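So the structure is just underneath, and the comments pick up after that.
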Amino acid sequence: MKKLHELNFDNSYARLPPAFYSRHVPVPLAQAHLVHFNAAAARLIDLDPDQAARPDFVDILTGGSLLPEFQPLAMCYAGHQFGHYVSRLGDGRALLLGEVRNKQGEKWDLQLKGSGETGYSRGGDGRSVLRSAIREYLCSEAMHGLGIPTTRALCITGSREEVYREQIETGAMLLRLAPSHVRFGTFEYFYYQQHFDELRILADHVLEQHFRHLRETADPYLALLREVIASTARLVAGWQAVGFAHGVMNTDNMSIHGITLDYGPYGFLDRYQAGFICNHSDHSGRYAFNRQPDIALFNLSCLAQTLLPLLDAQPEAAAELAKAELAQYEAIFTDDYAARMRAKLGLQESMPGDQDLCADLLRLMEDNHVDYTLLFRTLSGPEPETARTLFRNPQACDAWLERYQARQQADPRSAQERSRSMEQVNPKYILRNHLAEAAIRSAADDGDYNAIDRLMTVLQTPFDEHPGMEAWAAPPPDGAQAVQVSCSS
Ligand code: AMP
Ligand code: MG
């Protein structure tokens with residue numbers, strides 16, 4: 001494990017031409033202090049977790065005294081926001097400090113969010129608030145705990161600096177880790193300006209740094225598209241299976257690594273509601289829970305469009321090639337989602353009728369206001385039939401439970417084996433909004449960060465029982481549906 005200055009920096013993005021970014025330095029926040037440090041994320045970059053105790057740790061990571069190895073820059077990108085193309089977005093409140101290669105040879109961006117204005121701030125203040133930093137910090141660790149690909153977060157720093165949102169809040173910074181922060185929108189930025197040389201440099205950079213295994217394929221750019229389609233399909237299948245709504249699936253929030261990126265007004269389902277909208281500014285429900293798989297395909301089509309000039313074919317043929325790749329999306333998503341739901345139901349082998357069994361359960365759950373996570377966890381336990389009590393009308397569930405039991409008979413495993421496997425895919429704990437809110441309130445109102453710590457510990461292993469923490473497995477106390485969250489982060 002290494003000290004900060006011993007980390008193995010290799011800042012490949014900073015070596016790209018100036019058209020890819022603009023250089024800025026972080027603007028420190030008044031009275032910055034460490035709110036929480038994530039030792040698990042530190043290990044990803046070979047950082048000794050004891051480094052967090054250094055008196056200069058916060059200063060180094062928030063702009064007071066930067067490491068000489070840092071080459072802070074704001075990446076530029078564009079994106080389709082709510083279906084409309086915006087030609088210039090970019091890091092308006094974040095800076096890429098540098099890239100670390102760990103002992104395993106993996107590359108991790110160190111991105112500081114909330115670091116002050118950049119050339120892409122478009123009138124924004126360049127800041128993040130403690131509330132949204134905690135939301136992202138907790139959720140990225142929760143997603144990782146659930147086995148869903150995601151950016152990670154190394155630490156949160158708080159401050160006394162006032163930041164104006166819907167009300168006065170305090171400024172904070174989040175240090176985020178990701179293989180890279182290249183987004184679909186990074187490709188769009190060059191494509192729509194017809195800067196095809198830069199577009200090729202970007203694609204080559206991505207292939208060189210992150211998809212080396214594709215470089216020797218017949219058409220590496222097409223192979224790249226194929227991989228991003230597959231990883232995104234699987235990512236969204238993971239979201240649907242665990243009941244996660246991202247909330248702002250704009251193309252600038254879509255990672256080319258197929259990982260969850262940019263946690264804004266996200267929400268986990270409490271009671272199952274197919275059309276759940278977590279983002280209170282999403283008036284049309286474009287990013288409703290059940291629309292995510294289609295939106296991901298739309299976003300992938302946007303990415304595919306940008307790669308056309310690079311494909312090894314004449315324009316019309318290139319479009320056909322890209323279309324053929326996009327046509328694979330549905331099957332990859334459907335198969336992956338079906339496999340995940342089968343595992344949630346403890347069914348080892350696929351049989352005709354399984355999809356209906358699952359779809360009928362979801363419909364019943366919606367009609368009966370059943371908590372999504374609790375239902376599957378109950379089905380995993382020693383008395384699955386008690387799941388009926390979670391339904392407003394328990395009788396509505398009985399016929400389904402009979403069908404389910406009959407289907408289980410056809411499965412080769414013993415009830416015990418099945419239960420064990422189900423408990424490994426049906427979490428007991430998810431980051432319910434009311435839990436995040438309580439942790440945020442303790443931190444913001446009382447400067448008490450213990451709830452963040454306890455919540456993180458539970459969410460890192462959400463399939464374990466965590467005796468004594470059962471209250472966190474329960475639906476919201478007032479039985480309220482998952483609430484909509486403000487986008488003002
Ligand atoms: P987001 O909704 O967080 O994905 O951000 C969309 C765009 O708005 C990105 O270009 C962000 O950098 C920018 N942005 C969001 N909040 C701020 C802020 N407080 N100051 C400056 N830019 C911001
Ligand atoms: Mg974003």
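Order of appearance sets the numbers: ligands from 1, and atoms from 1 within every ligand. No experiment lies behind these values; they were computed from the predicted model shown.
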Q. Any salt bridge (charged side-chain N to carboxylate O under 4.0 Å, His left out) pairs touching residues 138-162, not counting sequence neighbours?
A. Arg127-Glu161, Glu141-Arg152
Q | Residues forming a salt bridge (charged side-chain N to carboxylate O under 4.0 Å, His left out) with Asp219, sequence neighbours excluded | A | none
Q. When only distance counts, is Leu89 in polar contact with ligand 1, meaning an N/O pair under 3.5 Å?
A. no
Q) Taking N or O atoms only and a 3.5 Å limit, does Arg122 qualify as a polar contact for ligand 1? A) yes
Q. Any N or O on Arg93 sitting closer than 3.5 Å to an N or O of ligand 1?
A. yes
Q. Purely on distance, is any nitrogen or oxygen of Gln81 under 3.5 Å from one on ligand 1?
A. no
**Q.** Polar protein atoms near the Mg ion (ligand 2) [N, O or S; cut-off under 2.8 Å]
**A.** Asn253 OD1, Asp262 OD2
Q) Mind checking what makes side-chain contact (heavy atoms from CB on, under 4.5 Å) contact with His80, not counting sequence neighbours? A) Tyr85, Glu188, Tyr192, Thr251, Phe298, Cys302
Q: For residues Tyr337 and Phe333, establish whether the separation of their ring centroids is below 6.0 Å.
A: yes
Q) With atoms numbered from 1 as shown, which atoms in ligand 1 lie under 4.0 angstrom from a non-hydrogen atom of Gly90? A) 9 (C), 10 (O), 11 (C), 12 (O)
Q) Which bit of Glu117 is near ligand 1, meaning a heavy atom under 4.0 Å away: side chain, backbone, both or neither? A) neither
Q: Indicate the atoms forming the closest heavy-atom contact of Val458 with Met469, along with that distance.
A: CG2-CG, 4.0 Å
Q. Is it true that Arg165 lies under 4.0 Å from ligand 1, counting heavy atoms only?
A. yes
Q. Would you say Leu66 and Ile60 make side-chain contact, with heavy atoms under 4.5 Å?
A. no
Q) Does the ring center of Phe57 lie less than 6.0 Å from the ring center of Phe37? A) yes
Q. Do Gln240 and Val236 have side chains that get closer than 4.5 Å, going by heavy atoms?
A. yes
Q: Determine, using heavy atoms of Gly264 and all atoms of ligand 1, whether some pair is separated by less than 4.0 Å.
A: no
**Q.** Side chain, backbone, both or neither: the part of Asp125 lying under 4.0 Å from ligand 1 by heavy atom
**A.** both
(Q) Tell me if the CD atom of Gln193 is crowded by more than 12 foreign heavy atoms within 6.0 Å. (A) yes
